[in-house]
Participant: 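For reference, the structure I am asking about is given below.
Remember, it's a predicted structure, so these values are computed and weren't measured experimentally.
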Amino acid sequence: MLDPKFIRENIDLVKKAIADKGEKADLGPFLELDAKRRAMVQEVEALKAQRNSVSEEIARLKKEKSPEADKKIVEMRQVGDQIKALDDELRTVEEKLSEATLALPNLPDPSVPVGKDESENVVDRTVGQEKKFDFAPKPHWDLGEKLGIVDFERGAKISGSRFYLLKGAGARLQRALIAWMLDVHTRQSGYTEIYPPYMVNGKCLVGTGQLPKFADTVYRDIEEDFWWVPTAEVPVTNMYGGEILDGSLLPINHVAYTACFRREKMSAGKDVRGIKRGHQFDKVELVKFVLPENSNQELDKLIADAEKIPQALGFKYRILKMCTGDLGFTAAKKYDIEIWAEGCKEWLEVSSCSNFGDFQARRANIKFRRDPKGKPEFVHTLNGSGLALPRTMIAVMENYQNADGSITVPEVLRPYMGMDVIRQN
RNA sequence: GGAAGCGUGGCCGAGUGGUUGAAGGCGGCGGUCUUGAAAACCGCAGUGCCGCAAGGCACCAGGGGUUCGAAUCCUCUCGCUUCCGCCA
């Protein structure tokens, strides 16, 4: 959500920012409803002020047993009706205004390069060396099936297309990665681990920006207000919703592992093979609540923390800086981390690190106080994957494969795996 | 799922229709005193909205209603607690 006052005072700037993002949101309805609302508030509040003072007078007159009291009561009955009518009308205007406001995307940070879509993203840097193979490396779907650690057919049988089972060392590899990632982020980087609900109420989705606009990307319960989390960002960001945090506690850094559920209307023929894209996947997520003036600096830290994972696994990876056209609805600034996978020969997006500024904080109403007497201010929120599991699994399988189809377990995972090599059994 | 009870400010807790935005206590902040601290005493302290301002309005879980006027009465929803049932 944007600051209404800021929009009013910077109409052209906001219009340009929205256009840069490639969004076609119209400011018209917002401006109109905003002006209407303020006029109505003044009108109805004047009447309420009158009612309050006369009500006090009535109390006094009644105590004095004055006959004036009844006259006043009759008068006020009319004022009361007027107030009720205006309040009803105002409520309608406020609902529409809220809709219009929630439909406006976040503004890009000034440091973000202007560009129309992902083709204009900028490679910030590339780190590490690709693995050298003296044989033709296979894609993970071949490796996984031959080793018996990924089962696509049975996944489709019990759930549908885009579902799979992990089995034996495959399931264990994912569990090892999760445990190791959580340990890195909590022990090395000092994040506090959260185990959140996997289902949240609709209010949370509004808070982080999935609702109302992107309702068709989230799964929900048929009869109750329960929504399956599309990312741990949703429950973890919203855990402080409606709160005023003690500023001395900032930055607050959380890490959470959850399964993630997405409807993904997946285009036929794209990413159809393997475990790269599914309706359910696991992810370890980093979430930060920070002082507004530090948020871009905290974004750099967030990336550095997420990067520890591909680094420790010895992968070649790159950091992409998103241009305005690829920021999405909610982000002010965003970087993606991509790992090179030797089997399928592609860059796999394993993390998306975003600074949302106060956009989510306004929606979810998350504030802080700089000092005990200070006025509450909105925090800035950030999050990034650290990392998404299926694609990290792909990278481990493909980049650590051997000529005989076995997979060497990366050094850092061995304590968690209890084995050095994954072989067919 | 059934029954009963409860939901007031950071916390505890008064308050059943008329200066109650809300007593009192704890905690917090600022003073006095003290070499310093504690104790004691004094003072200050919620959030949001409208307004250039003066000021006004709203908020006692949330919504709706009754009334000239509601934290206080009615109603629905949600949450919590206890007992029973069920269950990992």
Participant: List the atom pairs, donor and acceptor, that lie under 3.5 Å between side-chain atoms in residues 176-189 of chain A and the rest of the protein, sequence neighbours left out.
Facilitator:
residue : atom : partner : partner atom : Å
A:D183  : OD2  : A:Y416  : OH           : 2.6
A:H185  : NE2  : A:G386  : O            : 2.7
A:T186  : OG1  : A:L182  : O            : 2.7
A:T186  : OG1  : A:D183  : O            : 3.4
A:S189  : OG   : A:K308  : NZ           : 2.6

Participant: Is the Lys NZ or Arg CZ of A:K321 less than 6.0 Å from the centre of A:Y335's six-membered ring, within 45° of the axis?
Facilitator: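 No, A:K321 and A:Y335 do not form such a contact.
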Participant: Which sits closer to the 5' end of RNA chain B, A:K63 or A:R369, going by the nucleotide each is nearest to?
Facilitator: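 Looking at RNA chain B, the more 5' nearest nucleotide goes with A:K63.
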Participant: Sequence neighbours excluded, which residues qualify as side-chain hydrogen bond (donor to acceptor under 3.5 Å, both in side chains) partners of A:R51?
Facilitator: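 Partners of A:R51 by the side-chain hydrogen bond (donor to acceptor under 3.5 Å, both in side chains) criterion come out as none, since no residue qualifies.
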Participant: Using the P atom as the reference point in each nucleotide, state the distance between B:G7 and B:A45 in Å, no decimals.
Facilitator: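 These two P atoms come out 29 Å apart once rounded.
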Participant: Counting only heavy atoms and a strict 4.0 angstrom limit, can you tell me which residues of residues 64-71 of chain A come near RNA chain B?
Facilitator: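 By residue number: none to list.
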Participant: Between B:A58 and B:G9, how far is it from one C1' atom to the other, in whole Å?
Facilitator: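 My reading of the C1' atoms in B:A58 and B:G9 gives 16 Å.
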Participant: Measure from the side-chain N and O atoms of A:E398 to the backbone N and O of A:H140, and report whether any donor-acceptor pair falls under 3.5 Å.
Facilitator: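 Yes, A:E398 side chain to A:H140 backbone: donor-acceptor pair under 3.5 Å.
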Participant: Could you identify the nucleotide paired to B:A45, looking across every strand shown and requiring Watson-Crick or G-U wobble geometry with both distances under 3.5 Å?
Facilitator: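 Pairing partner: none.
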Participant: Counting only pairs under 3.5 Å, give me each side-chain donor-acceptor contact of residues 62-85 of chain A, with atom names and distances, residues two or more places apart or in other chains.
Facilitator:
residue : atom : partner : partner atom : Å
A:S66   : OG   : A:E68   : N            : 3.0
A:E68   : OE2  : A:K71   : NZ           : 3.3

Participant: Report yes or no: does A:N10 contribute a side-chain atom to a donor-acceptor pair with the main-chain N or O of A:F6 at less than 3.5 Å?
Facilitator: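 Side chain of A:N10 to backbone of A:F6: a pair is present.
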Participant: Treat primed atoms plus P, OP1 and OP2 as sugar-phosphate and everything else as base, then score nucleotides 54-72 of chain B 5' to 3': B for base contact with protein heavy atoms under 4.0 Å, S for sugar-phosphate contact only, - for none.
Facilitator: --BBS-----S-S-BS---
Participant: Taking only the P atom of each, what is the distance from B:A70 to B:G62 in whole angstrom?
Facilitator: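 The same atom, P, in both gives a distance of 16 Å.
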Participant: Base, sugar-phosphate, or nothing: which does A:Q42 touch, judged by heavy atoms less than 4.0 Å apart?
Facilitator: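 Sugar-phosphate only.
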Participant: Can you tell me if the side-chain N/O atoms of A:R38 get under 4.0 Å from OP1 or OP2 in B:G51?
Facilitator: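 A:R38 to B:G51 OP1/OP2: side-chain N or O found under 4.0 Å.
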Participant: Short question: side chain of A:Q280, backbone of A:A259 - any donor-acceptor pair under 3.5 Å?
Facilitator: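 No, because the side chain of A:Q280 does not come within donor-acceptor range (under 3.5 Å) of the backbone of A:A259.
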Participant: Remember a base hit wins even if backbone is also touched, and classify A:R8 as base, sugar-phosphate or nothing at under 4.0 Å, heavy atoms.
Facilitator: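 Touches sugar-phosphate only.
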Participant: Report, one line per pair, each donor and acceptor closer than 3.5 Å where one atom sits in a side chain of residues 235-250 of chain A; sequence neighbours left out.
Facilitator:
residue : atom : partner : partner atom : Å
A:T237  : OG1  : A:E233  : O            : 2.6
A:N238  : ND2  : A:C204  : O            : 2.8
A:N238  : ND2  : A:V234  : O            : 2.8
A:Y240  : OH   : A:H254  : NE2          : 2.8
A:D246  : OD1  : A:S248  : N            : 2.9
A:D246  : OD1  : A:S248  : OG           : 2.9
A:D246  : OD2  : A:S248  : OG           : 3.2

Participant: Hey, does A:K367 reach any base, or is it just sugar-phosphate, or nothing, if we go heavy atoms under 4.0 Å?
Facilitator: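 Contact class for A:K367: sugar-phosphate only.
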Participant: Just wondering, more than 12 heavy atoms not from A:F226 lying within 6.0 Å of its CZ?
Facilitator: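 Count not over threshold, so no.
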